[in-house]
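Only one structure is covered here, and it is reproduced in the block below.
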Amino acid sequence: MIIQCFENPEHAIDWCQAVADQGLTLGFVPTMGALHEGHQTLVRQATLENDRVCVSIFVNPLQFGESKDLETYPRDFESDAKMLEQAGCHMAFTGTLAEFFPGRLDPEGGLLPEYLLDPGPFAESLEGEFRPGHFEGVATIVGRFFEILKPTRAYFGQKDCQQALVVRDLAQRMHGPEVVVCTTHRETSGMAFSSRNTRLDEAGRRAGMFISRALFGARALWFQGERNPAELSRFMHSVLNQGDLRVEYASIRDPEQWSGEQPDGPLTRAVALIAARAGDVRLIDNMLLSVGNDAACKEG
Ligand code: AMP
């Protein structure tokens, strides 16, 4: 199947409107490109549950605090189109901040602050603390996409657990779409697929492996009966310390009762979350400890 690719968001909006006019359902997968098998699983799930599927490819400047991170974020549009075609996507589009927010930018090209959306309570701590403004940027672009495309369902990865919680809450406040959270797709090594993995050299990759090792280890501890968040977090730090990593956090939360601080426990539900830097590559991953797979954030 040859997918439609639009560089002008107006054409994407018209395409989505035509889908709605035909009474068809639309699945939407927002991405920042540099697509990998993890993105493909979201697209495939969307094709199973909707008549049409569209994907945005937009490296959103609003969600990057560090300009170096934004500049070095990998981009490969040709490979992206091929991967989307293989996964059964019908339409992909991109655009610029000015095209997505016409008349809402300041003279320097930044979004006027009154158009930033409140990311809500799930933005507190962890990613919210280490990447100030990040979830505001995510909520703002995702909210805008929901507003202009009006998808039936939107697909997000458990890989970005806190983002999935923020977006589910946002969609509820906006009265749609239905947010579907898909399981993290992992390499056979256990490492989560991530666009940033392409920036890891051999040493970085070796170091990065300790992240999934710490998460799988924490889950094994949970199955052995450990319910104390402080113990689980201590264990993860001890594994991460064996790798050449700069750990930002290795923490436990109740995924259904988000809290700024790690709860005291003992817990009946838990998700373990890690962010660490291997060299200058920032990696995040997480795992639900309290069920057999890692879809911590259920469909909302
Ligand atoms: P990104 O392009 O990094 O913004 O990711 C776009 C979507 O793909 C987000 O909802 C991510 O959570 C999701 N995603 C990224 N990596 C994976 C993965 N390994 N497995 C499943 N979903 C993923």
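We count residues from 1, following the sequence as given.
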Under the salt bridge (Lys or Arg N to Asp or Glu O under 4.0 Å) rule, collect the residues that match up with Glu202, sequence neighbours excluded.
Arg206
Looking only at atom types and distance, does a side-chain atom of His90 sit under 3.5 Å from a main-chain N or O of Arg52, one as donor and one as acceptor?
no
Using side-chain heavy atoms (C-beta onward) and a distance below 4.5 Å, is Leu240 in contact with Ile211?
yes
Any non-hydrogen side-chain atom of Val281 less than 4.5 Å from a side-chain atom of Leu283?
yes
Salt bridge (Lys or Arg N to Asp or Glu O under 4.0 Å) filter on Arg282, not counting sequence neighbours, yields Glu127, Glu248
For Asp21, give me all partners under side-chain contact (heavy atoms from CB on, under 4.5 Å), at least two apart in sequence or on another chain.
Gln17
Answer yes when Arg205 and Glu187 have at least one side-chain N-carboxylate O distance shorter than 4.0 Å, and no when they do not.
yes
Check: Val180 and Arg153 side chains under 4.5 Å, non-hydrogen atoms:
yes
Does Asn197 reach the main-chain N or O of Ala192 with its side chain, forming a donor-acceptor pair under 3.5 Å?
yes
With a 4.5 Å heavy-atom cut-off, do Tyr155 and Val55 have their side chains touching?
no
Sequence neighbours excluded, the answer for side chain to side chain donor-acceptor pair (under 3.5 Å) partners of Ser251 is Arg253, Gln262
Tell me, please, which residues at least two apart from Pro121 pass side-chain contact (heavy atoms from CB on, under 4.5 Å).
Asp169
Can a salt bridge be assigned to the pair Arg234 and Glu231 using a cut-off of 4.0 Å between side-chain N and carboxylate O?
yes
For Glu37, all residues meeting salt bridge (Lys or Arg N to Asp or Glu O under 4.0 Å), sequence neighbours excluded:
none
Can you check whether Thr47 reaches Cys89 side chain to side chain, under 4.5 Å on heavy atoms?
no
Within a strict 4.5 Å, meaning less than it, do heavy atoms of the Met236 and Ile274 side chains meet?
yes
Pairs where residues 42-70 contributes a residue and the test ring-ring contact (aromatic ring centres under 6.0 Å, His included) is met, not counting sequence neighbours:
Phe58-Phe100, Phe64-Tyr73
Contact between Val19 and Asp51 at the side-chain level, heavy atoms closer than 4.5 Å - yes or no?
no
Is it true that a side-chain atom of Thr140 and a backbone atom of Leu116 form a donor plus acceptor pair closer than 3.5 Å?
no
Taking side-chain contact (heavy atoms from CB on, under 4.5 Å) as the test, write out the residues that go with Ala139, two or more places apart.
Leu117, Pro119, Leu170
Cut-off 3.5 Å, no hydrogens considered: what does the side-chain donor-acceptor table look like for residues 129-137, sequence neighbours left out?
| unit_1 | atom_1 | unit_2 | atom_2 | d |
| --- | --- | --- | --- | --- |
| Arg131 | NH2 | Gln63 | O | 3.4 |
| His134 | ND1 | Gln63 | O | 2.9 |

With sequence neighbours excluded, what pairs up with Phe210 under the ring pair (Phe, Tyr, Trp, His ring centres under 6.0 Å) test?
none
Gln158 side chain to Asn286 side chain, donor-acceptor N/O pair below 3.5 angstrom
yes
Can you say whether the rings of Phe193 and His185 are parallel (under 30°), tilted (30 to 60°) or perpendicular (over 60°)?
parallel
Mind checking the OG-CZ spacing from Ser212 to Arg219? Nearest 0.5 Å is all I need.
11.5 Å
Do the non-hydrogen side-chain atoms of Lys150 and Cys16 ever get within less than 4.5 Å of each other?
no
So that I can tick it off, tell me whether Arg199 and Asp280 are bridged by a salt bridge, with the cut-off set at under 4.0 angstrom between side-chain N and carboxylate O.
yes
Any idea how Phe28 and Phe93 line up, ring-wise: parallel (<30°), tilted (30 to 60°), or perpendicular (>60°)?
parallel
To the nearest 0.5 Å, what is the distance between CZ on Phe6 and OG on Ser56?
14.0 Å
Residue set satisfying salt bridge (Lys or Arg N to Asp or Glu O under 4.0 Å) with Glu108, at least two apart, ordered chain then number -> none
Taking only residues two or more places apart in sequence, or in another chain, which ones meet Asp76 in a side-chain contact (heavy atoms from CB on, under 4.5 Å)?
Glu78, Ser79
